[in-house]
Amino acid sequence: MKEPPDDHLPTRRLGTGSRPMRVLLIGANGYIGRFVADRLLADPAVQLTALGRGDDADVRFDLATGSPGALTRFLDAVHPGVVVNCAGATRGGARELTRHNTVAVATVCEALRRSGCGARLVQVGCSAEYGPSQPGSSTAEDAVPRPGGPYGVSKLAATELVLGSGLDAVVLRVFSPAGPGTPAGSPLGRLAEAMRRAMQSGDGELRLGGLGAQRDFVDVRDVARAVHAASLSAAQGVINIGSGRAVRLRDAAATLARVAGYGGALHELDGPPGALRPTIGHPRTESLGHRVDALGHHRSDALGHHRPDPLQSRGERTDPEHTTPAPYPDGCGSWQQADVRTARDRLGWRPRIALEESLADIWMEAACRI
């Protein structure tokens, strides 16, 4: 089915004589990069070259260890009009995160400064750069960043390098991507895998941790659309990419259970290690765009009060076979919600894919492993 046009099409950056725009994509084999590659390849006005560490890249180059001089020579040979950087690391210690998220971006910026290609840079950042925010608030691009962990710090440092480089550049701060290909280590990936295991073994109950956090989920295909729009636009600075709505992981779990057809009870692990909250069943939830009554069970009014930071729990849990650990720590506390007006105004971009569809795609991939 043909995709409907965007609300506003940015000015297309074509080469001399309307030749295809050459785009160099870094990190094309990553979670977001794969969908960005698909989106760009679908544009007949784009000539795409993939650069990365894997064998499937058009050109093999490790940004974390390669020299700016070597990358400059490649840029001068290919002469791209746009460089899109989706590469980076989400796991590891501070040294590894700094090497892959900060040093790598420094290499890209220095190579672009030395090169005569004059390419525009689209850097994919993340909401972890902001750190925790006040519950109920929407985070705009002018918020003071206070990342709560080494990942956010390494990505924020990369953003500052891009903004201070003097290049024609834009940084897209992507909030919580979801949809097909969602990594198993992400909060939604863990939920889906735990539900798959429970259904496969016939368990009538599922114990979950860290469901009190609220995140702004945006489908990865919508993220790819935003990267495409940013490649064609003249927008600079930082632009948030999100849905504009925070969703509690507890509610996402209920929607996922409904989509999966899981009829068991959901138990929420909370508090000190080993603590178990009463059954929460399948809470009544609203997916993006319409209300969802997840198997008709009532949500306790007490949920959400006096809980520790759900994304920072590393304690051992009882009955590990039927338990999924709390989501990985992103240093963002209990709430994040994007202010996405800048993306609308400067890129002509709005999210299109509802969270329920993203969850259905996540479940389809998990169900294939049953």
Side-chain angles (χ1 to χ4, degrees), residues 3 9-89 99-125 158 161-162 165 167-172 174 177 181 220-221 223-236 241 347:
E3 189 176 62
L9 292 178
T11 302
R12 188 175 295 276
R13 301 167 60 88
L14 293 175
T16 305
S18 295
R19 291 177 299 179
M21 177 179 68
R22 294 180 178 177
V23 177
L24 176 64
L25 175 59
I26 305 171
N29 62 341
Y31 173 38
I32 292 176
R34 291 195 299 271
F35 289 92
V36 171
D38 289 344
R39 177 77 186 189
L40 294 175
L41 285 170
D43 185 347
V46 169
Q47 179 180 324
L48 184 65
T49 300
L51 182 147
R53 292 178 291 169
D55 293 334
D56 54 347
D58 297 319
V59 178
R60 294 190 64 180
F61 188 85
D62 189 345
L63 290 176
T65 59
S67 70
L71 183 57
T72 299
R73 290 190 291 274
F74 175 73
L75 291 172
D76 287 339
V78 176
H79 213 78
V82 178
V83 174
V84 176
N85 183 25
C86 296
R99 185 160 57 92
H100 289 289
N101 296 337
T102 309
V103 174
V105 172
T107 298
V108 172
C109 290
E110 180 60 24
L112 283 170
R113 279 195 297 263
R114 294 182 188 182
S115 172
C117 68
R120 170 173 171 79
L121 174 61
V122 178
Q123 167 72 15
V124 176
L161 286 170
V162 171
S165 66
L167 300 169
D168 174 13
V170 62
V171 177
L172 303 183
V174 178
V220 66
R221 292 159 292 192
V223 174
R225 286 180 45 245
V227 172
H228 187 202
S231 300
L232 303 176
S233 79
Q236 296 186 341
I241 303 299
L347 300 180

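On a predicted model such as this, the values are computed, not experimentally measured, just so you know.
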Determine, stepwise, if the pair Val36 / His228 fulfils side-chain contact (heavy atoms from CB on, under 4.5 Å). CA-CA 7 Å; Val36 171; His228 187 202; over 6 Å; no
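- With contacts defined as side-chain heavy-atom distances shorter than 4.5 Å, the pair Val59/Val78 does not qualify.
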Test side-chain contact (heavy atoms from CB on, under 4.5 Å) applied to Asn29 and Arg53, step by step: CA-CA 9 Å; Asn29 62 341; Arg53 292 178 291 169; over 6 Å; no
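- In this structure Arg114 satisfies the side chain to side chain donor-acceptor pair (under 3.5 Å) test together with Glu110, sequence neighbours excluded.
- In plain terms, the two heavy atoms of Leu347 and Ala230 that are nearest each other are CD2-CA, 3.8 Å.
- Distance check, rounded to the nearest 0.5 Å: CG of Leu161 to CD of Gln123 gives 9.5 Å.
- Distance check, rounded to the nearest 0.5 Å: CG of Leu40 to OG1 of Thr49 gives 11.0 Å.
- Closest non-hydrogen pair, Gly52 versus Ala57, comes out as N-CB, 3.6 Å.
- Between Arg60 and Gly54, the shortest heavy-atom distance links the atoms CG-O, 3.5 Å.
- In this structure Leu167 satisfies the side chain to side chain contact (heavy atoms under 4.5 Å, CB included) test together with Cys109, Leu112, Arg113, Leu121, Ser165, Ala169, sequence neighbours excluded.
- Annotation for Arg34: atom CZ counts as buried by contact number, over 12 foreign heavy atoms lying within 6.0 Å.
- Scanning for side chain to side chain contact (heavy atoms under 4.5 Å, CB included) contacts around Ser115 gives Thr72, Leu75, Asp76, Cys117, with sequence neighbours left out.
- Residues Phe61 and Ala70 come closest through the heavy atom pair CE1-CB, 3.9 Å.
- Between Ile32 and Pro177 the shortest heavy-atom distance is CD1-CG, 4.5 Å.
- Atoms OG1 and CG, from Thr107 and Leu63 in turn, are 6.5 Å apart once rounded to the nearest 0.5 Å.
- Each of Val122, Val46, Leu24, Leu25 was checked for a side chain to side chain contact (heavy atoms under 4.5 Å, CB included) with Val82, and the lone residue meeting it is Val122.
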Are Val162 and Asn85 close enough, and set up right, to give a side-chain contact (heavy atoms from CB on, under 4.5 Å), and what steps lead you there? CA-CA 11 Å; Val162 171; Asn85 183 25; over 6 Å; no
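- Across Cys86 and Val124, no two heavy atoms sit closer than the pair SG-CG2, 3.8 Å.
- Without hydrogens or angle criteria, Arg120 side chain to Val170 main chain gives no donor-acceptor distance under 3.5 Å.
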